[in-house]
Amino acid sequence: MRAMRLKQPESVLELEEIDDPSAGRGQVVIQVEACGVCRTDIHVQDGDIPGCRYPVTPGHQVVGTVLEVGDGATLKRRDRVGVPWLGWTCGDCAFCQRGEENLCDEARFTGCHVDGGFAEYMVADERYCFPLDDRLDPVQTAPLLCAGLIGYRAFRMTGEPRRLGIYGFGAAGHLLCAAAKHLGVDVYAFTRPDDAEGQEFARSLGAVWAEGSDERPDVELDAAIVFAPVGKLVPAALKTLRKGGRVVCAGIHMSDVPSFPYADLWGERRILSVANLTRQDGEEFLQLAAELDLRPQVTRYSLEQANQALDDLRAGRFQGAAVLVP
């Protein structure tokens, strides 16, 4: 099969012909129909995530069809499934026992510790696959499996905001904006200061205000979510909040947060981080996405164009999400 492989950090992906995978106990082999391209894939490429295995096939927003079922697995051939970032947990530690499997110290992540979906086929633990309706468009569904999921988990951590700031208007930001509008939340979008196109895109999705991240709205926000991996945005977001407001940092990696006056935090404002996701998050969000008929704006790339997709994501050359279609 063909796969785009990352041999070592800080290198480009290489197209390789490798052996077709086989399913072990409790596993399934999946034919990849679509795989979203995520900023986390850039962090894997840059070596920002401790413990990643190299060489590795990135990709953790996978939609595909089950081709082979290993012993003990209950999925069936031709089942449509989605494969997210969380690929395995121990099930026994205190975190797992408390329903916090996203914090499991032994967790393995798709496209980082195990090979992901930048390939024609992949193997996954069936317990961490989400069953999907056969009628779903794989390309439209793929970004929901990380961008959508992380946005949902981050939104849950904001409480019940009426006014929500979103810093970084990429795949996760644009999906959350559309969902928040349906839920009656006013969205304030913060983009790169010179990104007039991104600001117009945010308004088209229902944002009531969209300006550069160096601006502040004339109202106080209940919460803000920082998707951009830029630490200096955290103090900026704090300045937009009312007392008791929350800043949620939704990225897996971020540059250092600079110092800021304690007065900006005082008033029971809070800073929280989102770490990965749980299977419960996925089940809840995919049901919500179906109810709201969430449809990301997608730019398609072939499997061989994975490096171009990553470069375009870095540079902000497209709006919405990128998806590889083998």
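The analysis underlying the following values was restricted to heavy atoms, covering all of them including side chains, and did not include hydrogens, waters or symmetry mates.
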Answer yes when [X] and [Y] have at least one side-chain N-carboxylate O distance shorter than 4.0 Å, and no when they do not.
X	Y	value
Asp125	Arg108	no
Glu17	Arg5	no
Arg53	Asp115	yes

Search all heavy atoms of [X] against all heavy atoms of [Y] and return the closest pair with its distance.
X	Y	result
Ala306	Phe118	CB-CD2, 4.2 Å
Thr278	Asn102	CG2-OD1, 3.5 Å
Val32	Ala119	CB-O, 3.3 Å
Arg242	Arg269	O-NE, 3.4 Å
Val29	Ala23	CG2-N, 3.5 Å
Pro217	Thr240	CD-CG2, 4.5 Å

Any side-chain heavy-atom pair of [X] and [Y] under 4.5 Å:
X	Y	answer
Val63	Ile30	no
Arg246	Pro161	no
Phe285	Leu277	no
Val325	Leu303	no
Arg98	Leu103	no
Arg279	Arg127	yes
Met254	Val226	yes
Val81	Leu132	no

Just checking [X]: does its [atom1] atom have more than 12 heavy atoms from other residues, nucleotides or ligands closer to it than 6.0 angstrom?
X	atom1	result
Gln97	CD	yes
Glu200	CD	yes
Glu10	CD	no
Arg295	CZ	no
Arg300	CZ	no
Glu16	CD	yes

Handout entry: CA sep, side-chain torsions, deciding dist, call: Phe155, Leu164, side chain to side chain contact (heavy atoms under 4.5 Å, CB included)
Key = CA-CA 9 Å; Phe155 181 69; Leu164 173 68; 3.9 Å; yes
Donor-acceptor pair, distance only, cut-off 3.5 Å: does the side chain of [X] make one with the backbone of [Y]?
X	Y	value
Arg163	Val219	no
Asp312	Arg317	no
Ser273	Cys249	no
Glu14	Lys7	no
Gln27	Val69	no
Arg80	Thr65	no
Asp71	Arg25	no
Glu215	Gly212	no

Separation between [atom1] of [X] and [atom2] of [Y], rounded to the nearest 0.5 Å:
X	Y	atom1	atom2	answer
Leu149	Leu144	CG	CG	8.0 Å
Thr158	Asp222	OG1	CG	8.5 Å
Cys129	Leu145	SG	CG	10.0 Å
Cys90	Asp105	SG	CG	8.0 Å
Glu101	Trp88	CD	CH2	11.5 Å
Met4	Glu120	CE	CD	12.0 Å

Decide whether [X] and [Y] are clustered together by the hydrophobic rule: side chain heavy atoms of Ile, Leu, Val, Met, Phe, Trp, Tyr closer than 4.5 Å, transitively.
X	Y	answer
Val187	Leu241	no
Met1	Val114	no
Leu15	Met122	no
Leu13	Leu324	yes
Met157	Leu176	yes

Problem - Candidate pair Gln61 and Cys38, rule side chain to side chain contact (heavy atoms under 4.5 Å, CB included), full reasoning - result: CA-CA 8 Å; Gln61 302 181 94; Cys38 179; 3.5 Å; yes
Exercise for the section: Answer yes or no: is the gap between the SG atoms of Cys52 and Cys112 smaller than 2.5 Å? Expected result: yes
Practice task
Among residues two or more places apart or on two chains, list those pairs meeting side chain to side chain donor-acceptor pair (under 3.5 Å) that have a residue in residues 179-192.
Solution key: Thr191-Gln199
Handout entry: ring pair (Phe, Tyr, Trp, His ring centres under 6.0 Å) partner of His174, the single match among Phe318, Phe201, Phe169
Key = Phe201
Problem - Worked check of side-chain hydrogen bond (donor to acceptor under 3.5 Å, both in side chains) between Glu284 and Tyr152 - result: CA-CA 9 Å; Glu284 292 176 358; Tyr152 172 72; 2.6 Å; yes
Exercise for the section: For Ser255 and Lys232, run side chain to side chain contact (heavy atoms under 4.5 Å, CB included): C-alpha distance rounded to whole Å, both residues' side-chain angles, the deciding distance at 0.1 Å, then the answer. Expected result: CA-CA 8 Å; Ser255 59; Lys232 68 180 182 181; over 6 Å; no
Exercise for the section: Could you walk me through whether Gln45 and Asp41 pass side-chain hydrogen bond (donor to acceptor under 3.5 Å, both in side chains), step by step? Expected result: CA-CA 6 Å; Gln45 184 179 38; Asp41 297 317; over 6 Å; no
Exercise for the section: Answer yes if the ring centres of Tyr128 and Trp85 are under 6.0 angstrom apart, and no otherwise. Expected result: no
Problem - Arg156/Asp281 under side chain to side chain contact (heavy atoms under 4.5 Å, CB included): CA gap, chis, key distance, verdict - result: CA-CA 10 Å; Arg156 282 176 49 210; Asp281 292 330; 2.4 Å; yes
Practice task
Walk me through it: do Gln287 and Glu283 pass the test side-chain hydrogen bond (donor to acceptor under 3.5 Å, both in side chains)?
Solution key: CA-CA 6 Å; Gln287 181 177 341; Glu283 292 161 3; over 6 Å; no
